4 protein chains.
Amino acid sequence: MALKSGDKYAAILEAAQTVIARQGYHSAQISKIAAEAGVAAGTVYLYFKNKPDLLVSLFRERLGMLIEGARTSLTDARDAREKLRHFISQHLRSLAARRELAVVTQIEMRQADSSVQHEISQIMKGYFRVIDEIIEEGQASGLFRRSVEPLQIRNLVFGTIDQTVTAWVLSGFKFDLEALAEPTFALITGGLCITSEGGTQKHGDSGAA
Amino acid sequence: MALKSGDKYAAILEAAQTVIARQGYHSAQISKIAAEAGVAAGTVYLYFKNKPDLLVSLFRERLGMLIEGARTSLTDARDAREKLRHFISQHLRSLAARRELAVVTQIEMRQADSSVQHEISQIMKGYFRVIDEIIEEGQASGLFRRSVEPLQIRNLVFGTIDQTVTAWVLSGFKFDLEALAEPTFALITGGLCITSEGGTQKHGDSGAA
Amino acid sequence: MALKSGDKYAAILEAAQTVIARQGYHSAQISKIAAEAGVAAGTVYLYFKNKPDLLVSLFRERLGMLIEGARTSLTDARDAREKLRHFISQHLRSLAARRELAVVTQIEMRQADSSVQHEISQIMKGYFRVIDEIIEEGQASGLFRRSVEPLQIRNLVFGTIDQTVTAWVLSGFKFDLEALAEPTFALITGGLCITSEGGTQKHGDSGAA
Amino acid sequence: MALKSGDKYAAILEAAQTVIARQGYHSAQISKIAAEAGVAAGTVYLYFKNKPDLLVSLFRERLGMLIEGARTSLTDARDAREKLRHFISQHLRSLAARRELAVVTQIEMRQADSSVQHEISQIMKGYFRVIDEIIEEGQASGLFRRSVEPLQIRNLVFGTIDQTVTAWVLSGFKFDLEALAEPTFALITGGLCITSEGGTQKHGDSGAA
DNA sequence: AATGAATGAGGATTCATTCAT
DNA sequence: GATGAATGAATCCTCATTCAT
């Protein structure tokens, strides 16, 4: 077995993504994926242990790519605030350029059963780590408010961009996802409220953690 | 068929929620749900057209309850900002008090196939409407920044609280969900950044949309 | 589920025996057995846990019948020697009258995989017990030689009749199986050799356990 | 193809025996056998037509060895009775010294499908011939009773030793197989019953065939 | 209305065998 | 002669749904 080395490994992953995006998670039989990849069904099992392994591998490979892109985008940002801006921008740009992948990650893969979901959760931790590092730096440098738990900040950041991409996919890609990067960044960092006493910013911060 | 009038209708929905929460979406067979409800499997089909109909009905009924609770919580709020505070608080409190339901909505139901997901999306619109009304009022009254599209504000609000509840469920209910209401509200309204020029608050607003 | 009570349980067992005897163990798919029984394939699983369970149940039911027949045949035998005669006779007569069953037990079921074989071995113990009781009585009463371990006597008795039935099946039922009862009994009890000092009969017996 | 001449032919047969004994018949894939033999899977097909051919060849080769050993052991026996004694002794000794082979012949190979079984039956004829010759000589010389068909005597002799070896294997080699040779011989030749009228020895012989 | 026995469609996976190198 | 990557046929089992009672 050409352990991941052959082009067939990548071809099968690509075929899986295509078939899942096109036909939906529950219609993505191994036979269809194999046909899309131009190999026999049995060949899939030379490269993947079983179907869950194929799906998890697909997710891992693609998320790895996103993580790498995210980390790269952070290198030339001067502070946590800029890093967050780049991170959001990079996330939306990456998926805007990969509609098929967006359908798979936002919609179809979420239908996977619990065992696959559990693996996916583990893989997601790598992505969360990138966010968490930005948050930590931001709080340490005093740019980000310390009155809120880092985990809850992560929920804000990830929840918002995740929901944004999902809405974009469900809309049928009807709006410009990349263009949402800057407003979303402004919203997250500056807050929804305009007033000087926006949020409980002043008193909240002085009193807590 | 006693159109939804019998107590069996409610009993079957309750049983569905219990079984799905306990065994997971993919192990929630009609036969188990019927047994939990104390009826025969065939009886389920006297009250529901088919399994997707049962699942969608469950989601609709429960979300209707959440919407009602949300709307009620808004009545004595004096402005959009307070309404948002109440909304977030009510959302987290409702699910904190219904762990079984939280498991079902945040984890298990998301494994449903695309047809059910589509119905659920439609039902969610009713919940989004509550959020959207608050946003509209907030922007109209000048409390919420107008430089960001209402839809994107909704993504921020809903994405954040949805991700928060999901994280709570996945953690095994290890933290106090309700207690997150105020910090989350502060974060959303006041923004992540501390500095007076937090976000692009000042200039961003004057320049955009 | 009509736990074994319905006639379908028996019908499926009978169909399994027929299909296995006709098509061979490895061609006996559940679908064929179900068709032979006049039920849908899924119905088989209302009565049996899985395919191995069906096969083991068939063997258990049929061997139970043989054991019952064997025990019944022993009731009016006055001593162990007569019991052995009846046992051999009954064994050969039972299978001579059930060619389909003979094919299944002697040829086809032996192709079952190890898990089924292990279950079958357990079931066989009930049949061996009948033989062992005869042997014990025979040795206790002094009719059977005590110089040979009971287990080895069982190997002689069972090995001989088992091989006899197998040879009969493989021959295509070309000879009268029942007619072999008496000569086989004579051979087993009286020994192959004619001479008075046949075997180590005299000295062997006086010396050993 | 070096028709059976290469050492790979023997190596593959040996590997097949080892793998079947270790993993069981149904887990003995060609790929595993090839790996055990230190060759590629495709190489097996340079020496054997297909898998059944490999299995049959293994059986033929090993049984040929047993037959040769049996015939050799008979050379210095002075009469049929002694030949039978040597035969039984040789059979048990051969397998006692080859546990791997015993597992294969007594347990695993019997799971082979009908086509292989049929071939094996043919091969067994060579072994039966050795037994039959002893029986013929014994009956001709008056040592063995003539009242029982030679075939049935063969069933007695072979059935008993076959069952004995099988019981030994199933017990996990828990007893001394070789030590059973003499008691088994005594049992077969002298008969199970002690009394002077043991079996139907006297009258049976004068009356029949 | 209620029952629950019966139905039957649908798909992942293994492994003997081939053949280009 | 030797390799081993690729092939693709073949089958058990689950469970939503029906319908005779």
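Chain identifiers are assigned alphabetically (A, B, ...) following the order of the sequence lines, protein sequences preceding nucleic acid strands; residue numbering begins at 1 within each chain. From a predicted model like this one, the values you see are computed outputs, not experimental measurements.
Checking B:G42 against A:G42, the closest nucleotide of DNA chain F that is more toward the 5' end is the one next to A:G42. Both A:A41 and B:G38 lie close to DNA chain E; mapped to their nearest nucleotides by heavy-atom distance, the more 5′-ward contact belongs to B:G38. Mapping C:P52 and D:A40 onto DNA chain F by nearest heavy atom places D:A40 closer to the 5' end of the strand.
A distance of 9.5 Å separates CG in D:L63 from CD1 in D:I120, rounded to the nearest 0.5 Å. Separation of atoms CG (D:D113) and CG (D:L55) is listed at 9.0 Å; rounding is to 0.5 Å. Interatomic distance, CZ of A:R62 versus CD of A:E100, reported as 8.5 Å (0.5 Å rounding).
With sequence neighbours left out, the side-chain hydrogen bond (donor to acceptor under 3.5 Å, both in side chains) criterion links D:E108 to D:Q111. Legend: residues meeting side-chain hydrogen bond (donor to acceptor under 3.5 Å, both in side chains) with C:K51, ordered by chain and number and at least two apart, are absent. In this view, B:R99 satisfies the side-chain hydrogen bond (donor to acceptor under 3.5 Å, both in side chains) rule with no residue, not counting sequence neighbours. Residues forming a side-chain hydrogen bond (donor to acceptor under 3.5 Å, both in side chains) with A:S114 (at least two apart in sequence, or on another chain): none.
For the pair C:Q117 (side chain) and C:R110 (backbone), a donor-acceptor distance under 3.5 Å is present.
Out of F:dT7, E:dA6, F:dT17, the shortest distance to the side chain of A:T43 is found at F:dT7. Here the side chain of C:L46 is nearest to one of F:dA5, E:dG8, E:dA5, namely E:dA5. Picking from F:dT3, E:dA6, F:dA6 the nucleotide with the shortest atom distance to the side chain of A:Y47 gives F:dA6. The side chain of C:K51 lies closest to F:dC13, out of F:dC13, F:dA5, E:dT3.
Atom C1' of nucleotide F:dA16 and atom CG of B:L55 are separated by 12 Å, given to the nearest angstrom. Following rounding to the nearest Å, C:K8 (NZ) and E:dT7 (C1') show an atom-to-atom distance of 11 Å. The distance between atom CG of A:N50 and atom P of E:dG11, rounded to the nearest whole Å, is 17 Å. The CZ-P distance, from C:F48 to F:dC13, rounds to 13 Å in whole Å. Atom CG in A:D53 sits roughly 14 Å away from atom C1' in E:dT13 (whole-Å rounding). Counting to the nearest Å, the C1' atom of E:dG10 and the CG atom of B:D113 are 15 Å from each other. Straight-line distance from the CD atom of D:Q23 to the P atom of E:dC15: 11 Å, rounded to whole Å.
Classified by interplanar angle (parallel below 30°, tilted 30° to 60°, perpendicular above 60°), the ring pair A:Y9/A:F48 is parallel.
In this model, the phosphate group of E:dT17 is not approached by any side-chain N or O of D:K49 to a distance below 4.0 Å at OP1 or OP2.
Stretches of at least 3 consecutive Watson-Crick or G-U wobble pairs, with each checked distance under 3.5 Å, appear in DNA chain F as E:2-21 with F:2-21.
Here A:V44 lies out of heavy-atom contact (under 4.0 Å) with every strand.
Annotation: side chain of B:L54 is in contact with side chain of B:I30 (closest heavy-atom distance under 4.5 Å).
Within a heavy-atom distance below 4.0 Å of DNA chain F, no residue of residues 24-37 of chain A is found.
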